[in-house]
There are 2 protein chains.
Amino acid sequence: MERAPGHRAGLTRAAVVGAARELLSERGLTGLSMRALAARLDVAPNALYSHVASKTALLDAVLDDVLAEVDTPTEDGDPAEGLQRLMTSTYTVLLDHADLVPLYLSRQGAHGPNAQRLGEITAALLRRAEVAEPAVPEALRVLIVYTIGFAAFTRHLPPGAGTERQPSAAEMRGNFDRGLGWLLTGIRVQPDRRR
Amino acid sequence: MERAPGHRAGLTRAAVVGAARELLSERGLTGLSMRALAARLDVAPNALYSHVASKTALLDAVLDDVLAEVDTPTEDGDPAEGLQRLMTSTYTVLLDHADLVPLYLSRQGAHGPNAQRLGEITAALLRRAEVAEPAVPEALRVLIVYTIGFAAFTRHLPPGAGTERQPSAAEMRGNFDRGLGWLLTGIRVQPDRRR
DNA sequence: ACCTGAACACCGTTCAAGT
DNA sequence: ACCTGAACACCGTTCAAGT
């Protein structure tokens, strides 16, 4: 809790995570190596291991850190609208950190405190909508997969990759909104799987 | 088209891709290095570059190769059922090659001939269902994102990771089916985005 | 407790040379 | 055309030692 009294800064875990985020947005995922990170912090590469257990643990910390920026809706609004807004905000935040989106999926989402908080808020919104209790965790998983998946899919490729017309960011955002609407409609229209 | 007449095997591109697939399923993504692959084929590491331009190009070839195993529905069946079956088969195939699923998303799907063929079949099914023409490419993208995303999310973690109860493969498959049903329902109920 | 130098066991890729 | 030896420019991580 307390900072060291000395005037020499001294590395902290938060500083390591912050520098990792900076390096990530400046140089991308391939530019984020433990050695490059250490160089930016003016320490030897192995000094980082006093603050993070491994590169994987560091990436997990960065992942959850990013989710703190998601806008959560007010408690009392229309739940359907709240869901649409929450997922859209998540999509936007993920797009701002495009390089690490694939990591979310390969780790099945983040598992830190921020991710957990967002999951609980989403589940509460689903309950306040007309979603039956046993379908809530399933709908939650479907919404997470859809949102992270779409963000991963929207990442802009380096120009000139692929011959097909590349949809613009605005088109992809519209596509995301429409698909989310379909999903939310389907969840409410067909809470039960029998046809 | 023709094979070399000599009795000495000689490496081919197909052999490299095949060995890469084997290595991938035996040792996982981290086990698939160019050097390990070369060792398995009894050649020097740089010999591989006579057949593939880079590791990235090799992975792209593997990605599309895997999609050849997807079952495509018959021409004349119910289109809604055909969509459900096609996406489910894709999901199943992806799960059998869990380690490279995150790669599909980070490259926005595969772009080889097999991926293209599956995309065209899916679009045709959407048209044969009641989906309006301008919504077809959007619905296609949504289905791809959902299917690949869910497969990425289903990848089993090493045992003991995370404290929350881990859903079984059967539960995840049920979840996938339900979510796919929601999506297809929403696409048909709300072909237009105005409410 | 936190940091360093040095090392271990790896990577992908390139280049010049051989056949 | 296809393969090799050798090298380049890197990785993540560990260990013993210093303060």
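In what follows, every heavy atom counts, from backbone to side chain, and hydrogens, waters and symmetry copies are set aside. Numbers restart at 1 for each chain; the letters A, B, ... are given by sequence-line order, proteins then strands.
Under the Watson-Crick and G-U wobble criteria, each requiring two contacts below 3.5 Å, nucleotide D/dC11 is left unpaired. Taking a pair to require two hydrogen-bonding distances under 3.5 Å in either a Watson-Crick or a G-U wobble arrangement, D/dA17 remains unpaired. Nucleotide D/dC3 forms a pair with no other nucleotide shown, judged by Watson-Crick or G-U wobble geometry with both contacts under 3.5 Å.
B/Ser50 has no side-chain polar atom (N or O) that falls below the 4.0 Å cut-off from OP1 or OP2 of D/dA1.
Closest-nucleotide positions on DNA chain C for A/Pro45 and A/Arg35 were compared, and the one nearer the 5' end corresponds to A/Pro45. Heavy-atom distances to DNA chain D give each of A/Ala36 and A/Ala53 a nearest nucleotide, and the one nearer the 5′ end belongs to A/Ala36.
In summary, the side chains of B/Tyr49 and B/Ser54 do not present any donor paired with an acceptor at a separation below 3.5 Å, with no hydrogens or angles considered.
Ranking C/dC3, D/dT13, C/dG12 by closeness to the A/Leu11 side chain, first place goes to C/dC3. Checking C/dT13, D/dG12, D/dT4 against every side-chain atom of B/Val43, the shortest atom distance belongs to D/dT4. In the set D/dT4, D/dT13, C/dC11, D/dT13 carries the atom at the smallest distance from any side-chain atom of A/Met34. The listed nucleotides are C/dG12, D/dT13, D/dC3; the one nearest the side chain of B/His51 is D/dC3.
Once rounded to the nearest 0.5 Å, the distance linking OH of A/Tyr104 with NE2 of A/His97 reads 7.5 Å.
By the 4.0 Å N-to-carboxylate-O rule, B/Arg188 lies too far from B/Glu130 to be salt-bridged with it. A salt bridge links B/Glu69 with B/Arg21: the distance from a Lys NZ or Arg NE/NH1/NH2 to an Asp or Glu carboxylate oxygen falls below 4.0 Å.
The same atom, C1', is picked in C/dA17 and in D/dC2; the two are 13 Å apart, to the nearest Å.
When rounded to the nearest whole Å, the span between CG of A/Leu23 and P of D/dC11 equals 10 Å. Remark: P of C/dC11 and CG of B/Leu58 are 15 Å apart, rounded to the nearest angstrom. Nucleotide D/dC11 holds its P atom 12 Å from the CZ atom of A/Arg27, rounded to whole Å. Note: CG (A/Leu41) to P (C/dC3) measures 10 Å, nearest angstrom. Residue B/Leu59 contributes atom CG, which lies 12 Å from atom C1' of C/dG12 at whole-angstrom precision. Atoms CG (A/Leu48) and P (C/dC3) sit 9 Å apart, rounded to a whole Å. Rounding to whole angstrom units, CG of residue B/Leu37 and P of C/dC11 are separated by 11 Å. Between the P atom of D/dC15 and the OH atom of A/Tyr49 lies a distance of 13 Å, rounded to the nearest Å.
Among the protein residues, A/Ala44 comes within range of the sugar-phosphate backbone only, with heavy atoms under 4.0 Å from sugar or phosphate atoms but none that close to a base.
Ring-centre distance between A/Phe176 and A/Tyr146: below the 6.0 Å cut-off.
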